[in-house]
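Beneath this line is the structure, given in structure tokens, with notes to follow.
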Amino acid sequence: MSKGITSRSEDYSQWYNELVTKADLAEHSAVRGCMVIKPYGYAIWEKMQATLDQMFKDTGHSNAYFPLFIPKSFFSKEASHVEGFATECAVVTHYRLKNDGTGKIVVDENAKLEEELIVRPTSETIIWNTYRGWIESYRDLPILVNQWANVVRWEMRTRLFLRTAEFLWQEGHTAHATEQEAVEEAERMLHVYADFVENWLALPVVRGTKTENERFAGAINTYCIEALMQDGKALQAGTSHFLGQNFAKAFDVKFTSKEGKLDYVWATSWGVSTRLMGALIMAHSDDAGLVLPPKLAPIQVVIVPIYKTDEERNEIGELADELIAAFKQKGITVKYDDRDTQRPGFKFAEWELKGVPVRITIGARDLKQGNVEIARRDLQSKETVSKEGLADTVEQLLEAMQQSIYDKALAYRNAHVTEVNSYEEFREVLESKGGFVSAHWDGTVETEKRVKEETKATIRCIPLDNKLEEGTCIFTGKVSKQRVLFAKAY
RNA sequence: CGGGAUGUAGCGCAGCCCGGUAGCGCGCGUCGUUCGGGACGACGAGGUCGCAGGUUCGAAUCCUGUCAUCCCGACCA
């Protein structure tokens, strides 16, 4: 491992790339745009998954699994949905390979599929085609299903975790008897996401809705949570869609109501992906490496012994065993790094790079005095504390760190929401300071597009709790009823 | 998909212009000394030069194609 990584100020993109690979989270694969998520990175994803999965179950959802392949014809059924995805679909056209006689493996042209299959970019179509068979009466509703799956979107430009051609996610797909119920579901899941990202990723988010321009293809309304990264760019961390009756109409999914009336079913869908990993990495990490909020850290505490003789090593080992047992009892995950092949300084740097929240160092000196040295990753600070009641000390420290990491991100976010009242000011803030820019907008797609062309900033969202206030659009000067949040985004 | 750059040992790079069969640093292995912030010494292992063609007596080096990565653009619920 080479020493150090590129600093954020030097080159933010490179800092991110090096961090992902050097902290052993993921690497590029032999396949264009696709990544290998390595065990340490996957362990973080598994923690996210486990937590979200429980949250979904607590809100009444069940998991199911739908096919990876979708018949091409399904896609043409919902016009705006097709348009949204047509340019980035992988298509399966054949089902067999053969030896061409010279030892080369080639596609067998005789094995052409009658109907081509699309590798799912999202599963609305296959799911709604299935739901048709599940739903007859209001008694069959609601259907509250989630699936954990991989999807493929043939992106032109990819970045580890942030945008890859294949990624992992969950997609919830629900069916309801009434519009109101579906809207409530979409909003409920948005709040579940916000709750998760704020309390587990320690990352504050803005809850809002998308403009028509940024909306999911096929949705009536798209709710989103938007987070701010350290370089001042916004990142969409999750979305929840109210789909109206669009997919029910496209796939002819009707139900008989209590009153005996036949009507189309109301739908939602919602998802978060491995992109959350990118958000997590960019939000908190520093020039020494990853900074992980304790709740998502695969290893919360690492113990590094410092010894000269085997005797010392054994004595420290005994103390470490006691501490480890106490930690485990509290559900704290701990790693004892007694590798004899690396020196302590090397280990310090390595575990810092990997973002382990707490490091405990025990040397001969500490043994004598009944102390240990305890270092916290987020502040890069260390102090000497008594080994008595250490598990309690660490438990409290981990909680404090979770909060402190969130508070720091919140302070940064709050300092980077800027209200502007003129286009000049708008451009100036985007250029110099970055972050969210709160400005009046006339509500038209044309204006949003023009602003994007000129400044690269898009409307990230219309905040849910937005206060209404009269104003004039910064771009056109037309009347506006409220401010919206613009930002350059990932 | 357009413009630019890169691809040589696990990682970072030199060599390429001016063709003659590959080198440096880190890492890796063994032994010894070390060990409270990325140790040191000695010896050693490791590369069909991204891949495929072509030119040539001879290609890491020249030509063509192709794949991948990075940056900028277009695109991206």
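First the proteins, then the strands, lettered A, B, ... as listed; each starts at 1.
The nucleotide B:A74 finds no pairing partner, because no Watson-Crick or G-U wobble arrangement with both distances shorter than 3.5 Å includes it. Across all strands shown, B:G53 pairs with B:C63; the Watson-Crick or G-U wobble distances both stay below 3.5 Å. Under the Watson-Crick and G-U wobble criteria, each requiring two contacts below 3.5 Å, nucleotide B:U6 is paired to B:A68. In this entry B:G12 has B:C24 as its Watson-Crick or G-U wobble partner, both defining distances falling under 3.5 Å. B:C17: no Watson-Crick or G-U partner with both key distances under 3.5 Å is found in any strand. Partner assigned to B:U33 is B:A39, using Watson-Crick or G-U wobble distances below 3.5 angstrom. Judged by Watson-Crick or G-U wobble contacts below 3.5 Å, the nucleotide B:G47 has no partner.
In this structure a side-chain-to-backbone donor-acceptor pair under 3.5 Å is present from A:Glu198 to A:Val205. Under the 3.5 Å distance criterion, the side-chain polar atoms of A:Tyr264 are left unmatched by any main-chain donor or acceptor of A:Asn246. Formation of a donor-acceptor pair under 3.5 Å by the A:Thr309 side chain with backbone atoms of A:Glu312 is found in this model. When atom types are taken as modelled, the side chain of A:Arg120 and the backbone of A:Phe66 share a donor-acceptor pair closer than 3.5 angstrom. Under the 3.5 Å distance criterion, the side-chain polar atoms of A:Asn466 are matched with a main-chain donor or acceptor of A:Arg483.
Checked by distance alone, A:Arg343 brings no side-chain donor or acceptor within 3.5 Å of a matching partner on the base of B:G36. If you check distances only, the side chain of A:Glu352 does reach the base of B:G37 with a donor-acceptor pair under 3.5 Å.
When the P atom is compared between B:C1 and B:G65, the two are found 15 Å apart, to the nearest whole Å. The P atoms of B:U66 and B:G25 are separated by 39 Å, rounded to the nearest whole Å. On the C1' atoms, B:A52 is 15 Å away from B:A59, given to the nearest whole Å. Annotation: B:G15 and B:A68 have their P atoms spaced 27 Å apart (nearest Å). Remark: the separation of the P atoms in B:G10 and B:U48 is 9 Å, to the nearest Å. Nucleotides B:U61 and B:C17 have their C1' atoms positioned 9 Å apart, rounded to a whole Å. The gap from the C1' atom of B:G38 to that of B:C26 amounts to 12 Å, rounded to the nearest Å. For the C1' atom pair drawn from B:G47 and B:C11, the interatomic distance equals 14 Å after rounding to whole Å.
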Hey, mind stepping through A:Arg450 and A:Glu454 against salt bridge (Lys or Arg N to Asp or Glu O under 4.0 Å) and telling me if it holds? CA-CA 6 Å; A:Arg450 291 281 305 277; A:Glu454 294 186 14; 3.7 Å; yes
Using side-chain contact (heavy atoms from CB on, under 4.5 Å), reason through A:Phe247 and A:Val253 one step at a time and then give a plain yes or no. CA-CA 8 Å; A:Phe247 285 91; A:Val253 187; over 6 Å; no
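Between the CZ atom of A:Phe346 and the C1' atom of B:U34 there is a distance of 16 Å, rounded to whole Å. Rounded to whole angstrom, the span from the OH atom of A:Tyr16 across to the P atom of B:U69 amounts to 15 Å. Between the NZ atom of A:Lys382 and the P atom of B:G37 there is a distance of 6 Å, rounded to whole Å. Remark: P of B:C35 and OH of A:Tyr307 are 12 Å apart, rounded to the nearest angstrom. Here B:G38 presents its P atom at 16 Å from CG of A:Asp337, a figure rounded to the nearest Å. Between A:Lys347 atom NZ and B:C35 atom P there is a gap of 14 Å when expressed in whole angstrom units. Spacing between atom CG of A:Asp310 and atom P of B:U34 amounts to 13 Å, rounded to whole angstrom units. If you take CE of A:Met35 and P of B:C70, they are 12 Å apart, rounded to a whole angstrom.
For A:Gln369, the side-chain contact (heavy atoms from CB on, under 4.5 Å) partners are A:Arg365, A:Asn371, not counting sequence neighbours. Applying the salt bridge (Lys or Arg N to Asp or Glu O under 4.0 Å) criterion to A:Asp321, with sequence neighbours excluded, gives no partner residue.
Of all the residues in residues 360-376 of chain A, A:Thr361, A:Gly363, A:Ala364, A:Arg365, A:Asp366, A:Glu373 reach under 4.0 Å from RNA chain B with at least one non-hydrogen atom. Contacts between residues 203-220 of chain A and RNA chain B, counted as heavy-atom distances below 4.0 Å, involve A:Glu214, A:Arg215, A:Phe216, A:Ala217.
Salt-bridge check for A:Glu78 with A:Lys249: failed, with every basic side-chain N at 4.0 Å or more from each acidic carboxylate O.
For the pair A:His241 and A:Leu160, both in contact range of RNA chain B, the more 5′-proximal nearest nucleotide belongs to A:Leu160.
Heavy-atom contacts from other residues, nucleotides or ligands closer than 6.0 Å to NZ of A:Lys433 number more than 12.
Within the structure, side-chain hydrogen bond (donor to acceptor under 3.5 Å, both in side chains) contacts touching residues 227-236 of chain A (residues at least two apart or in different chains) are A:Arg8-A:Gln230, A:Lys210-A:Gln236, A:Asp231-A:Tyr490.
Proximity note for A:Gln342 (side chain, C-beta onward) versus B:A68, B:C28, B:G36: the nearest is B:C28.
Residue contacts shown for A:Arg359 include a base, since a base heavy atom lies under 4.0 Å away. Heavy atoms of A:Gly33 sit under 4.0 angstrom from primed sugar atoms or phosphate atoms, though from no base atom.
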Can you check nucleotides 71-76 of chain B for protein contacts, nitrogen or oxygen pairs under 3.5 Å, and list what you find?
residue, atom, partner, partner atom, Å
B:C72, OP2, A:Arg157, NH2, 2.3
B:G73, OP1, A:Lys456, NZ, 2.1
B:G73, N7, A:Arg157, NH1, 3.4
B:C76, O2, A:Arg163, NE, 2.7
B:C76, O2, A:Arg163, NH1, 3.2
B:C76, O2, A:Arg163, NH2, 2.4

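Exactly one of A:His173, A:Glu185, A:Glu124 qualifies for a side-chain hydrogen bond (donor to acceptor under 3.5 Å, both in side chains) with A:Ser269. That residue is A:Glu124.
Both the sub-6.0 Å distance and the 45° axial angle are not jointly satisfied by A:Arg275 relative to the ring of A:Phe167.
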